[in-house]
Amino acid sequence: MASNSSKSSLRSPLAHARGLGSAKHGTEHWWGQRLTAIALVPLTVWFVFGVIGHLGADHAAFVAWMRSPFSAVMMILTAGVVFHHAHSGLQVVIEDYINVEWQKLTVLIAVKFLSFALAAACVLAVVKIFIGA
């Protein structure tokens, strides 16, 4: 114990606390959430303009739009980033408001599974449209 305290005594309490949140993950989660939010801005603008541009169009026109490589990649990116961002936000809420450990773990696992499953379903749908299956 003395060796630990002598090493730690060279650092101030602020140096020990800097970058460490309540879950000891520091600012990594916070930055991840901000980066996905920034990524969602152009992706959402693209998605909204793409959908608005196809209002009143028939199914074939929408499928033709989704078959372009650019639209397919953008849609897959949008789905992936949306579900990753949603999962990260829900994780924070769950960790903050569910205090019973087994309940917290159960809900976190369910949210992770649901986020992954929905993202995979979106990607599969885009791929099916893109390849024409």
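Predicted model only: the values in this text are computed from it and were never measured.
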Inter-residue atom distance H85.NE2 - L35.CG, 0.5 Å rounding: 11.0 Å
Determine whether a donor-acceptor pair (N or O, by modelled atom type, separation under 3.5 Å) exists between the side chain of T36 and the backbone of Q33. yes
I98 side chain reached by V107 side chain, heavy atoms, under 4.5 Å: yes
If I compare all heavy atoms of A72 with all of M66, which pair ends up nearest, and what's the gap? CB-O, 3.7 Å
Describe, in one word, how the ring planes of F62 and H54 are oriented to each other, choosing from parallel (under 30°), tilted (30 to 60°) and perpendicular (over 60°). perpendicular
So if you build clusters from Ile, Leu, Val, Met, Phe, Trp, Tyr with side-chain heavy-atom gaps below 4.5 Å, do V123 and L114 land together? no
Look at the side-chain heavy atoms of Ile, Leu, Val, Met, Phe, Trp and Tyr, link any pair under 4.5 Å apart, and say whether I38 and W30 land in one connected group. no
Check: H87/S115 side-chain N/O donor and acceptor closer than 3.5 Å: no
Between the main-chain N or O of I129 and the side-chain N or O of R67, is there a donor-acceptor pair closer than 3.5 Å? yes
Same cluster (ILVMFWY, side-chain, under 4.5 Å), L90 and F116: no
Look up atom CG in L108 and atom CZ in F113, then write down how far apart they are to the nearest 0.5 Å. 15.5 Å
Can you list the steps and then say if K112 with Q91 is a side-chain contact (heavy atoms from CB on, under 4.5 Å)? CA-CA 9 Å; K112 184 173 279 269; Q91 179 181 344; 5.9 Å; no
In the structure I gave you, are the side-chain heavy atoms of M75 and W46 within less than 4.5 Å of one another anywhere? yes
M74 CE to T78 OG1 distance, which is reported to the nearest 0.5 Å: 5.5 Å
Quick check: is V73 connected to F70 through a chain of hydrophobic side chains (ILVMFWY, heavy atoms under 4.5 Å apart)? yes
dist K104:NZ -> I94:CD1 (nearest 0.5 Å) comes out at 10.0 Å
dist I52:CD1 -> F47:CZ (nearest 0.5 Å) comes out at 10.5 Å
Check whether any side-chain N or O of S71 sits under 3.5 Å from a backbone N or O of S68 as a donor-acceptor pair, and report yes or no. no
Is there a path of hydrophobic side-chain contacts, each under 4.5 Å between heavy atoms of I/L/V/M/F/W/Y residues, joining L118 to I76? no
